[in-house]
K.L.:
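The structure's right below; bear with me while I get my questions together.
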Amino acid sequence: MILAGRERDAIMIMSIYAAYRGDHYIGEGTLTELAKVLKVKRQTLVWARYPAARKRVEQTEENPKLKSKGGIHLVLLEER
């Protein structure tokens, strides 16, 4: 069964992630909980799960001319 849109996002709400900003551990929780802690939109964290986002974060962190708080890295801990 293939889920799309909000049905897929409803399932993702129950997934538990660990969040890192750069090398610093931020915490763990659902995407909604982490969005509040990191003070970003939930959609930002949804995007951060994709390979394209990880690639951009790595490119940004490698460039010394760009100043950043550090990219957001998510690690899936538990899928419910």
Side-chain angles (χ1 to χ4, degrees):
M1 179 167 80
I2 298 174
L3 300 176
R6 293 196 185 269
E7 293 174 344
R8 183 180 63 225
D9 287 346
I11 291 174
M12 296 298 173
I13 290 172
M14 298 307 294
S15 297
I16 304 297
Y17 294 89
Y20 296 85
R21 189 176 282 278
D23 290 335
H24 301 287
Y25 175 75
I26 303 298
E28 60 184 59
T30 63
L31 293 178
T32 304
E33 294 167 346
L34 292 172
K36 289 178 185 176
V37 171
L38 291 165
K39 297 180 183 172
V40 297
K41 292 182 180 179
R42 183 179 181 277
Q43 190 59 35
T44 302
L45 297 180
V46 170
W47 180 79
R49 297 177 304 148
Y50 292 104
R54 287 186 224 122
K55 184 177 177 181
R56 269 193 217 171
V57 167
E58 288 172 7
Q59 289 172 349
T60 301
E61 289 176 345
E62 289 173 1
N63 189 345
K65 293 181 180 180
L66 297 176
K67 294 182 181 179
S68 172
K69 297 178 194 175
I72 298 171
H73 299 275
L74 295 176
V75 178
L76 180 64
L77 298 177
E78 184 179 334
E79 207 168 26
R80 294 190 227 170

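The basis for the numbers below is simple: all heavy atoms, side chains too, and nothing from hydrogens, waters or symmetry mates.
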K.L.:
Do L31 and L74 have side-chain heavy atoms sitting under 4.5 Å apart?
P.N.:
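When only atoms from C-beta onward are counted, L74 and L31 do touch, with a gap below 4.5 Å.
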
K.L.:
More than 12 heavy atoms of other residues, nucleotides or ligands under 6.0 Å from CG of N63: yes or no?
P.N.:
yes

K.L.:
Is the CZ atom of R21 crowded by more than 12 outside heavy atoms at less than 6.0 Å?
P.N.:
yes

K.L.:
Might you point out which heavy atoms bring Y25 and A18 nearest each other, and give the distance in Å?
P.N.:
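What the structure gives for the nearest pair is CE1-CB, 4.3 Å.
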
K.L.:
With sequence neighbours excluded, tell me which residues meet side chain to side chain donor-acceptor pair (under 3.5 Å) with E61.
P.N.:
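For E61, the residues satisfying side chain to side chain donor-acceptor pair (under 3.5 Å) (neighbours in sequence not counted) are H73.
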
K.L.:
Return the CD to CE distance between E79 and M14, rounded to the nearest 0.5 Å.
P.N.:
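One finds 11.5 Å between CD of E79 and CE of M14.
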
K.L.:
Heavy atoms only: give me the nearest A48-A53 pair and the separation to one decimal.
P.N.:
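Smallest heavy-atom distance, with atoms named: CA-CB, 3.8 Å.
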
K.L.:
Looking at residues at least two apart in the chain, or sitting in another chain, which of them share a side chain to side chain donor-acceptor pair (under 3.5 Å) with E58?
P.N.:
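Residues passing side chain to side chain donor-acceptor pair (under 3.5 Å) with E58: none at all.
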
K.L.:
Taking all atoms of both residues into account, what is the closest heavy-atom pair of G29 and L34, and its distance?
P.N.:
O-CD1, 3.6 Å

K.L.:
What pairs with E78 under salt bridge (Lys or Arg N to Asp or Glu O under 4.0 Å), at least two apart in sequence or on another chain?
P.N.:
R80

K.L.:
Is there a path from I72 to V57 through hydrophobic residues (I, L, V, M, F, W, Y) whose side chains come within less than 4.5 Å of each other?
P.N.:
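Unlinked, I72 and V57 end up in two clusters.
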
K.L.:
Measure the shortest side-chain to side-chain distance between L45 and L38 over non-hydrogen atoms and say whether it is less than 4.5 angstrom.
P.N.:
yes

K.L.:
To the closest 0.5 Å, what do you measure between NZ (K36) and OG1 (T30)?
P.N.:
8.0 Å

